[in-house]
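Notes follow the structure.
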Amino acid sequence: MGQPVTFRRRAVGEMGTPKPAAVGRAARRFMGKRQWAIDDFTPMEETRDRARMIRLHTLANLHRYLGQFADSVERNGGTVLWAADAAEANRLISEVVGRKEGSLVIKSKSMVTEELDLNAHLQGDGHTVVETDLGEFIVQLAEDHPSHIIAPVMHLTRQDIGALFHERLEIPYTDDPEELNAVARRHLRRFFLSADVGISGVNTGIAETGSIITVTNEGNGWLTTAAPRTHIAVMGMERLVPTFEDAATIVEVLARSATGQRLSVYTNVVSGPRRPGDPDGPDEFVVVIVDNGRSRVLSTDASEILACIRCGACLNVCPVFREVGGHAYGQVYPGPVGSVLAPGLADFTEAADLPFASSLCGACREVCPVRIDIPKLLVHQRVRAIRENDPFRWLGPGLKLYGQAAKRPRVWKSLLAAGRVAGRMKGRDEWFHRLPFHAKGWTQSRDFPAPARQSFRQWWKENRDGT
Amino acid sequence: MERSRFLGTVEEAVGAATLPGLPAPHPGRAVPDLAEVDLTPHFIEAFELLDGVVHWGAALEVITGIMTERGTEEFLSWDQEHLPADGLLSALAERGYRRISTTLPADPEGRVPHQMGYMDARVGISAAVAAFAESGSVVVTSGPGRSRLASVIPAVHVVLVPTDRIFRSLSHWAAQVESPGRLANLMVISGPSRTGDIELTLTRGVHGPGEIHAVLLQ
């Protein structure tokens with residue numbers, strides 16, 4: 001059995017720290033910017049419908065489009081590798097990187113490589129790995145984990161980052177974002193120009209042309225795919241569309257939904273290694289297509305979640321995410337999308353409590369650019385969690401006990417008296433966070449009020465005369 | 001894993017999938033809005049909204065002005081035949097400006113030393129094969145004589161934009177461009193490099209150019 005209280009434990013640890021406050025502020029600002037972009041002249045609602053149809057169509061024919069994609073990549077002079085799980089993906093990537101000993105690897109932000117824990121694997125093999133997205137670079141310096149799929153260091157303040165740069169990069173302390181930015185630019189530039197291998201994720205692959213698209217605002221995605229001799233693109237197997245025109249629709253919707261831009265600053269379309277006559281670009285282009293639980297998710301009630309284009313909007317609107325921040329979820333993909341996806345990708349019991357970390361308010365469904373019915377999928381995952389790992393086992397016996405006690409006034413009174421004693425021992429806190437025996441199921445996901453110091457019966461005895 | 005085994009697993013999963021709206025048809029080609037609009041003012045507005053700087057014609061004066069301001073005499077550039085401003089590179093050479101070669105040496109071992117020569121490049125010159133009015137974007141591509149790093153490495157990117165290459169939007173252009181997979185790289189650039197990673201405070205030029213100048217040519 002897994003640990004059904006892990007989300008709760010992590011969440012309680014995170015709440016009340018400055019982290020969720022920073023996350024809440026940032027998440028609200030994201031939403032403000034998003035509104036601005038939706039007010040412009042693209043027919044946003046129609047485009048969302050198109051994007052949804054494109055994604056669902058691709059998933060319903062995924063094996064065919066993957067085959068076509070691989071053929072196209074090979075036609076362009078690239079190589080395709082197939083990885084059933086994280087271990088295989090890491091081994092395949094290591095083989096490509098490891099042709100040269102002690103390679104310098106630069107990475108642009110990729111959630112799938114977080115999922116594989118690729119950096120640790122490559123470092124274990126003696127390679128140097130440098131994250132180049134500013135947020136991911138900060139995460140790497142801090143030996144931390146990203147807390148948001150679009151803004152990885154949403155949980156750190158500028159003072160945190162200033163102190164970190166001061167300590168790790170040995171520069172005078174500053175918390176001015178412009179200066180911190182300039183420091184990172186200088187520091188990372190030589191890595192870009194001298195790296196042996198660039199590893200990118202894939203926002204969208206294109207079956208017809210064998211292209212992969214990376215989307216960044218900083219330009220690190222472009223540099224990672226343009227400067228090193230070898231470019232490895234790591235792609236979750238569902239991140240595909242049929243045509244270039246379809247990809248254009250997806251990136252237009254993605255940019256508006258993620259950050260309120262009409263397009264991200266750099267929409268980078270890579271179709272194979274450099275061609276004869278090209279003055280620069282990689283000599284070698286390798287796409288690693290990763291399953292790692294995705295075919296399992298596709299074959300369940302939650303298949304629709306694979307239509308996700310990873311914009312992060314559902315995180316920003318989620319009242320639970322805003323309160324607890326990304327780390328409380330304990331998974332690579334936090335927030336509403338992660339609560340559906342993680343239990344499918346990971347060993348189910350490991351994340352079985354996440355579908356319950358939602359009030360099912362529906363804000364995520366409203367905001368989703370491809371209209372995924374996330375609350376419905378959360379309920380599907382809850383059903384599965386109960387079937388496979390019944391966290392409500394206590395309910396039947398618990399209610400039976402309650403019934404027995406409630407029918408016997410003496411037993412009932414003595415139980416209440418015991419509760420009051422326990423309540424008094426707790427001091428000022430008016431809530432029980434853990435109840436014993438069969439009642440413990442109640443406090444796995446909520447608190448229980450401590451009884452009043454004086455019972456109503458006592459109070460009535462003392463006050464019945466109205467004096 | 002073998003391709004056929006991988007795809008076999010996916011096909012089985014597709015068979016068991018519970019997707020809404022099955023059989024999930026493709027939406028078909030988008031119907032383009034072909035209304036005749038002068039897109040140039042829209043492009044300028046969108047480009048400036050992103051903090052891009054717009055110039056009309058006179059590429060040589062614009063570039064020499066930037067070089068003086070930046071205190072540099074070196075630049076990266078595409079070959080002259082791909083720049084829609086005749087004689088631009090020879091005019092720059094005549095004024096004493098030096099173009100850093102962007103052609104990698106034939107020996108793969110020479111790549112890194114060659115690229116390290118771009119460390120201090122401050123100005124890069126290229127041209128737009130397309131531009132988008134809606135998003136203020138310019139498109140640059142790879143190809144013979146067209147370096148990718150010329151547009152992304154320097155602190156300032158100067159891009160020449162013939163106004164007849166301005167399209168309504170990326171998806172409009174995507175619907176009519178022929179075989180986009182033919183070129184190894186196609187880059188849609190929308191404004192200067194930026195990040196909001198530190199407390200969502202907008203800062204420019206984190207990795208790509210912090211300034212982008214469009215020189216419009218009729």
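Residue numbers start from 1 in every chain, and the chains themselves are labelled A, B, ... in the order their sequence lines are given, proteins ahead of strands. Owing to the predicted nature of the structure, the values given are computational and were not obtained by experimental measurement.
- Of the atoms belonging to V80(A), not a single heavy atom falls under 4.5 Å from chain B.
- In this structure, chain B has a heavy atom under 4.5 Å from the side chain of L188(A), while its backbone stays farther away.
- Contact annotation: the side chain of H42(B) never approaches that of F47(B) to less than 4.5 Å [non-hydrogen atoms, C-beta and beyond].
- With a 4.5 Å cut-off on non-hydrogen atoms, I289(A) touches chain B through its backbone and its side chain both.
- Heavy atoms closer than 4.5 Å to chain A are found nowhere in V138(B), neither backbone nor side chain.
- The part of P228(A) that comes within reach of chain B is its backbone (N, CA, C, O), which places non-hydrogen atoms under 4.5 angstrom from that chain.
- Residue T225(A) touches chain B through its backbone alone, counting heavy-atom pairs closer than 4.5 Å.
- When heavy atoms are compared at a cutoff of 4.5 Å, L170(B) approaches chain A by way of both its backbone and its side chain.
- Most heavy-atom pairs under 4.5 Å with chain A: of the set G191(B), G143(B), S142(B), this distinction falls to G143(B).
- Between D283(A) and R274(A), the closest side-chain pair of non-hydrogen atoms falls below 4.5 Å.
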From CA spacing to verdict: salt bridge (charged side-chain N to carboxylate O under 4.0 Å, His left out), R158(A), D176(A): CA-CA 7 Å; R158(A) 68 178 73 189; D176(A) 176 43; 5.4 Å; no
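- Only the side chain of N76(A) comes within less than 4.5 Å of a heavy atom of chain B; its backbone N, CA, C and O stay farther away.
- Residues of residues 146-153 of chain B that come within less than 4.5 angstrom of chain A, heavy atom to heavy atom, are R146(B), S147(B), R148(B), L149(B), S151(B), V152(B), I153(B) in numerical order.
- T300(A) touches chain B through its backbone: at least one of N, CA, C or O sits under 4.5 Å from a heavy atom, while the side chain does not.
- The parts of A60(A) that come within reach of chain B are both its backbone and its side chain, each placing non-hydrogen atoms under 4.5 angstrom from that chain.
- The candidate from E2(B), R5(B), M187(B), R204(B) with the greatest count of non-hydrogen atom pairs under 4.5 Å with chain A is M187(B).
- For D246(A), the part sitting under 4.5 Å from any heavy atom of chain B is the side chain, from C-beta outward, and nothing else.
- Side-chain contact between I212(A) and F69(A): present, with at least one pair of heavy atoms (C-beta onward) separated by less than 4.5 Å.
- For P108(B), the side-chain contact (heavy atoms from CB on, under 4.5 Å) criterion is met by R229(A), not counting sequence neighbours.
- Interface remark: of the candidates A24(B), A174(B), A184(B), A13(B), A184(B) forms the most heavy-atom pairs closer than 4.5 Å to chain A.
- Only the side chain of V177(B) comes within contact range of chain A, with heavy atoms under 4.5 Å apart.
- With a threshold of 4.5 angstrom between heavy atoms, P209(B) approaches chain A through its backbone and through its side chain.
- Salt bridge status for E252(A) with R50(A): absent, with no side-chain N to carboxylate O gap under 4.0 Å.
- Using a 4.5 Å heavy-atom cutoff, the side chains of E199(B) and T157(A) are in contact.
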T72(B)/E74(B) under side chain to side chain donor-acceptor pair (under 3.5 Å): CA gap, chis, key distance, verdict: CA-CA 6 Å; T72(B) 184; E74(B) 295 179 329; 5.2 Å; no
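- Using a 4.5 Å cut-off between heavy atoms, L56(A) touches chain B through backbone and side chain atoms alike.
- Of the listed residues (E46(A), R75(A), R189(A), E178(A)), the one with the most heavy-atom contacts under 4.5 Å to chain B is R189(A).
- For the pair S193(B) (side chain) and V206(B) (backbone), a donor-acceptor distance under 3.5 Å is present.
- Within the 4.5 angstrom heavy-atom criterion, atoms from both the backbone and the side chain of E218(A) approach chain B.
- Interface remark: R182(B) contributes backbone atoms only to the contact with chain A (heavy atom separation under 4.5 Å).
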CA sep, side-chain torsions, deciding dist, call: E73(B), R98(B), salt bridge (charged side-chain N to carboxylate O under 4.0 Å, His left out): CA-CA 6 Å; E73(B) 287 172 355; R98(B) 194 176 75 81; over 6 Å; no
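- Annotation: side chain of H157(B) is in contact with side chain of I189(B) (closest heavy-atom distance under 4.5 Å).
- With chain A as the partner, the residue from T103(B), I198(B), T141(B), D197(B) showing the most heavy-atom pairs under 4.5 Å is D197(B).
- The choice from M1(B), R111(B), E11(B), Q115(B) that makes the most heavy-atom pairs within less than 4.5 Å of chain A is R111(B).
- Listed options S190(B), G196(B), G21(B) were ranked by heavy-atom pairs under 4.5 angstrom with chain A; first place goes to S190(B).
- Checking E134(B) against S169(B) by side-chain atom types alone, no donor-acceptor pair falls below 3.5 Å.
- Heavy atoms closer than 4.5 Å to chain B are found in the backbone of S264(A), but not in its side chain.
- With sequence neighbours excluded, the residues satisfying side-chain contact (heavy atoms from CB on, under 4.5 Å) with R64(A) are N61(A).
- When the salt bridge (Lys or Arg N to Asp or Glu O under 4.0 Å) test is applied to E304(A), the partners found at least two apart in sequence or on another chain are R52(A).
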